[in-house]
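Below, read A as the first sequence line, B as the second, and so on, with proteins coming before strands; counting in each chain starts at 1.
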2 protein chains.
Amino acid sequence: MRLYDYARSSAAYRVRIALNLKGVDWEAVPVNLLEGAQRGEDYRALNPTGLVPSLDTGEGLLGQSLAIIEYLDERFPEPPLLPAGVFARARARALALQVACDIHPLNNLRVLQYLVRELGASEEQKLAWYHHWLQQGLAALERQLAGGASPFCCGEHPGLADLGLVPQLYNARRFGLDLAPYPRLIAIDATCQRLEAFAAAHPDHHQEV
Amino acid sequence: MRLYDYARSSAAYRVRIALNLKGVDWEAVPVNLLEGAQRGEDYRALNPTGLVPSLDTGEGLLGQSLAIIEYLDERFPEPPLLPAGVFARARARALALQVACDIHPLNNLRVLQYLVRELGASEEQKLAWYHHWLQQGLAALERQLAGGASPFCCGEHPGLADLGLVPQLYNARRFGLDLAPYPRLIAIDATCQRLEAFAAAHPDHHQEV
């Protein structure tokens, strides 16, 4: 499979981890977000949203990281990325959506660019915005997961919620957020980072185009 | 089931449609977003994100509209809200996520309040922001769905992608966006509005607390 990818895109990072966990044979097609390649007609002809990632599955192109991950989980059932049980599955999806809907869209590159270019936000205001939505979102996740003793967000195996969390914490560190208030999230992240599938997906191991 | 609801919340509106399509017996528990009830400790003790909707399923509380809809679809399989076929299902999820991740989070009440209170955005700048993300997102959806002849986003029956689209178009109208560039979306919306499950979920039929 071919992943239209950008190393530091946290949505693409989620999919890289999923591809690695599933043991899928894949290659990256770099899309340079800083040069705006995702907004060009070449890319939009593939994915009209102008956003990464996209996965060329061999049976069609898919956008939206969580849809791609659900696709991989249905197409390649082992190891499962969602828990057994209807309610447990919904809870795992909700945790992932808290990252994908409540944090990441607000801190996306295109949004930061809009704040600066259209609303004249200063660097300080941009960073305050970034930290604000991260803090709101991470505090909710910490409260929901605190007290749990499982190594991962939803049990004994890495899954969808971890694929949301780990790239988001990478972004949080990159933007200098104090992570001390989130000890449970940090512990889950550390457990994930020790797995080869997560380590190999890290932005530092992918080409900066 | 009990839905922690706000009439004009488009995320809650999605879930109301799903509950109606599934024929679930449910009641609304209004949460007054304008008064900030969702940020109060009473509500956060139920849902730490401080966001609506939440569904009290009887086996636990769930947040995140798309996770709730997937839960309902697994718990009550008829009528299905996702197409048959792994790739078709992923495509339907991607369309819904384009609304839930790429449009709605940017135009949420808490974000508009931040723009005004923290960044000093004028009413004009706030509206331009709102329209900008709507136009980006609706243009992508129109391009992906144009040329199709099915009555709904993904075939002959209403499903997850329609549950994303219809509330988003309600918001677009409410904020005065010109919808002429999106004839295919308008046609699908009109088809949906003729169904009782959609009509009964409309904000006008729900209590403004």
*Contact part of A/Glu118 toward chain B, heavy-atom cut-off under 4.5 Å: side chain, backbone, both or neither?*
backbone

_Quick check on A/Leu51 against chain B: is it the side chain, the backbone, both or neither that has a heavy atom closer than 4.5 Å?_
side chain

_Ring geometry between B/Trp133 and A/Tyr114 (parallel below 30°, tilted from 30 to 60°, perpendicular above 60°)_ = tilted

*Do you know which two heavy atoms are closest between A/Ala94 and B/Gln64, and how far apart they sit?*
O-CG, 3.4 Å

*When rounded to the nearest 0.5 angstrom, what distance separates CZ in A/Arg93 from CD in B/Glu74?*
5.0 Å

_How long is the straight-line distance from CD of B/Gln125 back to CG of A/Leu119, given to the nearest 0.5 Å?_
5.0 Å

_Top contributor to chain A interface from B/Glu142, B/Glu41, B/Gln136 [non-hydrogen pairs under 4.5 Å]_ = B/Glu41

_Taking side chain as everything from C-beta outward and backbone as N, CA, C, O, which of these in B/Ala128 sits under 4.5 Å from a heavy atom of chain A? Side chain, backbone, both or neither._
both

*Near B/Glu124 CD, under 6.0 Å, is it more than 12 heavy atoms from other residues, nucleotides or ligands?*
no

*Minimum heavy-atom separation for A/Phe87 to B/Arg75, with atom names?*
N-NH2, 4.4 Å

*Proximity breakdown for A/Ala45 and chain B, heavy-atom pairs closer than 4.5 Å*: both

*Measuring heavy-atom distances to chain B, does A/Ala139 have an atom under 4.5 Å in its side chain, in its backbone, in both, or in neither?*
neither

*Let me know if A/Tyr71 has heavy atoms under 4.5 Å from chain B in its side chain, its backbone, both or neither.*
both

_Does any part of the side chain of B/Arg110, heavy atoms only, come nearer than 4.5 Å to the side chain of A/Asp102, both counted from C-beta?_
yes

*Any idea which of A/Ala11, A/Pro48, A/Ser122 has the most non-hydrogen atom pairs under 4.5 angstrom with chain B?*
A/Pro48

*Heavy-atom closest pair, residues A/Ala100 and B/Cys101*: O-SG, 3.4 Å

*At a heavy-atom separation under 4.5 Å, does A/Thr49 approach chain B through its side chain, its backbone, both, or neither?*
both

*Top of A/Thr57, A/Leu62, A/Asn47 for chain B proximity - count of heavy-atom pairs under 4.5 angstrom*: A/Leu62

*asked:* Just so I understand: if I count every heavy-atom pair under 4.5 Å between each of A/His132, A/Arg91, A/His104 and chain B, which residue has the most?
replied: A/His132

